[in-house]
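Proteins get letters first, then strands, A, B, ... in listed order; numbering begins at 1 in each.
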Amino acid sequence: MDKNFHEAVLKLVKQIPEGKVTTYGEIAREITGSVHAARAVGQAVATNPYPIVVPCHRVVRSDGDIGGYSLGVDKKIRLLSAEGAEIKGRKVLNFEQRLFLFDCI
DNA sequence: CCCATGACTAATT
DNA sequence: AAATTAGCCATGG
């Protein structure tokens with residue numbers, strides 16, 4: 001198995017500071033260089049790594065939508081709210097402002 | 001190698 | 001603003 005991709009994703013996700021979020025596209029661009037690899041990124045985290053150990057709940061969609069979560073979207077919203085991120089329905093408020101970008105993409 | 005699937009994205013209608 | 005289409009990538013059967 002080539003865990004390289006999976007591991008790379010987890011590594012980046014772990015770097016997301018509390019209260020901040022990032023998008024699947026950014027992670028994809030950081031690893032593969034293609035923003036369209038976002039699906040692959042989704043697959044990587046969807047296989048349920050270590051919940052909470054890896055803050056996968058800080059990964060949202062490019063348009064500010066929550067996206068999904070292994071433990072349920074509700075749990076994701078809960079966690080984000082607990083970190084100070086306001087959630088409206090399925091969207092993150094001021095999401096672009098809380099967006100955490102990796103070192104010079 | 002081919003096919004189907006998914007926590008995606010961008011563009012179009 | 002919501003729904004559809006098309007593109008792109010890794011994984012598993």
Side-chain angles (χ1 to χ4, degrees):
Chain A
M1 301 253 298
D2 183 17
K3 299 182 180 177
N4 202 321
F5 186 79
H6 191 287
E7 232 183 87
V9 174
L10 300 187
K11 199 169 190 174
L12 290 176
V13 173
K14 281 188 212 165
Q15 294 175 30
I16 307 175
E18 183 176 318
K20 297 253 182 172
V21 297
T22 192
T23 70
Y24 299 94
E26 290 299 317
I27 296 177
R29 197 189 298 189
E30 178 69 23
I31 299 177
T32 67
S34 303
V35 59
H36 294 293
R39 292 195 121 181
V41 175
Q43 283 308 323
V45 283
T47 46
N48 184 28
Y50 303 84
I52 303 179
V53 176
V54 177
C56 0
H57 57 276
R58 294 183 192 148
V59 186
V60 297
R61 289 183 43 153
S62 61
D63 44 3
D65 198 279
I66 299 297
Y69 196 55
S70 304
L71 309 180
V73 181
D74 176 60
K75 187 77 177 176
K76 187 167 183 175
I77 295 176
R78 211 187 215 330
L79 290 168
L80 287 174
S81 298
E83 294 183 355
E86 298 180 72
I87 311 297
K88 174 76 170 184
R90 290 187 80 115
K91 299 252 183 173
V92 180
L93 304 186
N94 310 322
F95 122 88
E96 292 199 3
Q97 183 181 309
R98 305 178 178 285
L99 191 56
F100 168 75
L101 297 187
F102 298 100
D103 154 53
C104 287
I105 272 201

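Listed candidates were dA7(B), dT9(B), dC9(C). Nearest to the side chain of Ala40(A) is dC9(C). Distance from the side chain of Thr23(A) is smallest to dT9(B) among dT9(B), dA10(C), dG7(C).
Distance OH (Tyr24(A)) to P (dC9(C)): 19 Å, rounded to an integer number of Å. If you measure from atom CD1 of Ile31(A) to atom C1' of dC8(B), you get 14 Å, rounded to the nearest angstrom. Atom-to-atom, NE2 of His36(A) to C1' of dA11(B) comes out at 10 Å; the value is rounded to the nearest Å. If you take CD of Glu26(A) and P of dC8(B), they are 15 Å apart, rounded to a whole angstrom. Note: NE2 (His6(A)) to C1' (dC9(C)) measures 15 Å, nearest angstrom. dT9(B) atom C1' lies 14 Å from atom CD1 of Ile27(A), rounded to whole Å. Spacing between atom CZ of Arg29(A) and atom P of dC9(C) amounts to 14 Å, rounded to whole angstrom units.
For the contact set between residues 85-99 of chain A and DNA chain B, defined by any heavy atom under 4.0 Å, there are no members. Near DNA chain B, meaning a heavy atom under 4.0 Å away, the residues from residues 60-72 of chain A are Arg61(A), Ser62(A), Gly68(A), Tyr69(A), Ser70(A).
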If you restrict it to nitrogen or oxygen atoms, what contacts under 3.5 Å exist between nucleotides 2-4 of chain C and the protein, and what is each distance?
none

For nucleotides 1-5 of chain B, tabulate all protein N/O to nucleotide N/O atom pairs closer than 3.5 Å, reporting atom names and distance.
none

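Between Ala37(A) and Ala28(A), the shortest heavy-atom contact is C-CB, 3.6 Å. Nearest heavy-atom pair across Ala46(A) and Ser70(A) is O-OG, 3.8 Å.
The number of heavy atoms from other shown groups lying within 6.0 Å of NZ (Lys75(A)) does not exceed 12. Sparse packing is recorded around CD of Glu86(A), with 12 or fewer heavy atoms of other residues, nucleotides or ligands lying under 6.0 Å away.
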Original post:
Can you check side chain to side chain contact (heavy atoms under 4.5 Å, CB included) on Thr47(A) and His6(A), steps first, answer last?
Top reply: CA-CA 9 Å; Thr47(A) 46; His6(A) 191 287; 3.1 Å; yes
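Atom CD of Glu7(A) is separated from atom CG of Leu12(A) by 11.5 Å, given to the nearest 0.5 angstrom. Atom NZ of Lys88(A) is separated from atom CG of Asn94(A) by 13.0 Å, given to the nearest 0.5 angstrom. Of the inter-residue distances, the one linking Ile87(A) atom CD1 with Leu93(A) atom CG reads 7.0 Å to the nearest 0.5 angstrom. Distance check, rounded to the nearest 0.5 Å: CZ of Arg90(A) to CD1 of Ile66(A) gives 8.0 Å. With values rounded to the nearest 0.5 angstrom, Thr23(A) atom OG1 is found 12.0 Å from Phe100(A) atom CZ.
Both Thr32(A) and Arg39(A) sit near DNA chain C, but only Arg39(A) has its closest nucleotide nearer the 5' end.
Taking Arg61(A) as the reference, Asp63(A) meet the salt bridge (Lys or Arg N to Asp or Glu O under 4.0 Å) condition, with sequence neighbours excluded.
Ile27(A) and Val35(A) fall into different hydrophobic clusters, where Ile, Leu, Val, Met, Phe, Trp and Tyr are joined by side-chain heavy atoms under 4.5 Å apart, directly or via other members.
Leu79(A) belongs to a hydrophobic cluster whose other members, connected by ILVMFWY side-chain contacts under 4.5 Å either directly or through intermediates, are Tyr69(A), Leu71(A).
When Arg78(A), Lys20(A), His57(A), Arg98(A) are each tested for a side chain to side chain donor-acceptor pair (under 3.5 Å) with Glu83(A), only one passes: His57(A).
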